Amino acid sequence: MRVAVFTGPGKPIAIECVADPQPGRDELLVKICRCGICGSDVSMTSEGPFSYPIGCRLGHEYSGEVVEVGRDVTAMKVGDRVACLPILGCGKCDGCRGGNAIFCTAIKSLSGGFGEYISVPPRAAVLLPQSLSLADGALIEPMACGLHALRMAGMRGGERILVLGAGTMALSIVYWARVLGAGKIVALSRSAHRRDIVLAMGADAVHAFDTDDPKSLAEALGGLPDIVAECIGKQGQLNNAIDHVRPQGTVIAMGMCSQGEPIVAARCTFKEVRMLFPLGYTVGEFAETANAFDSGRVRPELMVSDVIPLEDLPATLEKLRAGAKSLKIHVDPSLSGPGRG
Ligand SMILES: [Zn+2]
Ligand SMILES: [Zn+2]
């Protein structure tokens, strides 16, 4: 089968032919149908302070269909449609017991969504509700991040929320802010064409980034924002968020900027700003996202701007590294290639 492999920072990724995975007796073999390109697939394969290990398989936002089950598997069957967790915890350490497998001391990667097949244990797979498409399924992973972030911020309902940006992380915040009962949600975006999708996800208004004046923003929100979510990830945006937030408000850094930016502590002190840096989601929040998609009025797959074959992934990543802007690109391995063999 074909799978995308990381060959080193700044280098084009490779599509390699490897042996098909053989599911163990307690594993499922999943035929991957959709896998989304994450901002980290761009930033962590580029030259920079953080990168994936060389030789690793890429793709962590994926959904697919179970095509084979090991003989000890009873929880799932052939034909089930699933979304997979991209990491697996040991289930025993402090991180795992708190539900945060991402902090597991013996973490195992289940990346490899940019490929044709993967074998995973059933506890890493969430059954897709009937109403969800496989494209929706591959959006559970990125969209669960917004739930985790707003939980971490202690959201209870009624808050005024300002979102900086209109990419996937921004949409995950807007979506969950609405589901969790925000008072007002306003997004700031440079891309006028993202307006419709941001509104569809639940924002009350979208303001232009460069021309916004704080007064019109406060008017749209009904006051200064209680929570500002920085979802751009560029130098300067953390300070921008600190500027906007109300005294004793909360800034959530979702942009995962890997460049430094000076923070003046005294300035934060004068506002008693609370700053949070959420990472991922809990296993429970992943399942909760699937259920929210099922019961919600929004079709998350509206976010998908392009669907490409696996062979186009290396060139597409190069374009994104060079600054091309896209909302959510999905890889569909069935669009090309020889398949399993
Ligand atoms: Zn990601
Ligand atoms: Zn663990």
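This is a predicted model, so every value here is computed, not measured. For ligands, and for the atoms within them, numbers begin at 1 and follow the listed sequence.
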Side-chain touch Val198/Met201, heavy atoms, less than 4.5 angstrom: no

Any donor-acceptor N or O pair under 3.5 Å, side chains Gln237, Asn240: yes

Vertex the Zn ion (ligand 2), arms to Cys96 SG and Cys90 SG, rounded to 10°: 120°

Salt-bridge criterion met for Lys31 and Glu65 (N-O under 4.0 Å): no

Angle subtended at the Zn ion (ligand 2) by SG of Cys104 and SG of Cys93, nearest 10°: 110°

Donor-acceptor side-chain pairing of Glu261 and Gln235 below 3.5 angstrom: no

Nearest to the Zn ion (ligand 1) - the N/O/S atom of His60, by atom name: NE2

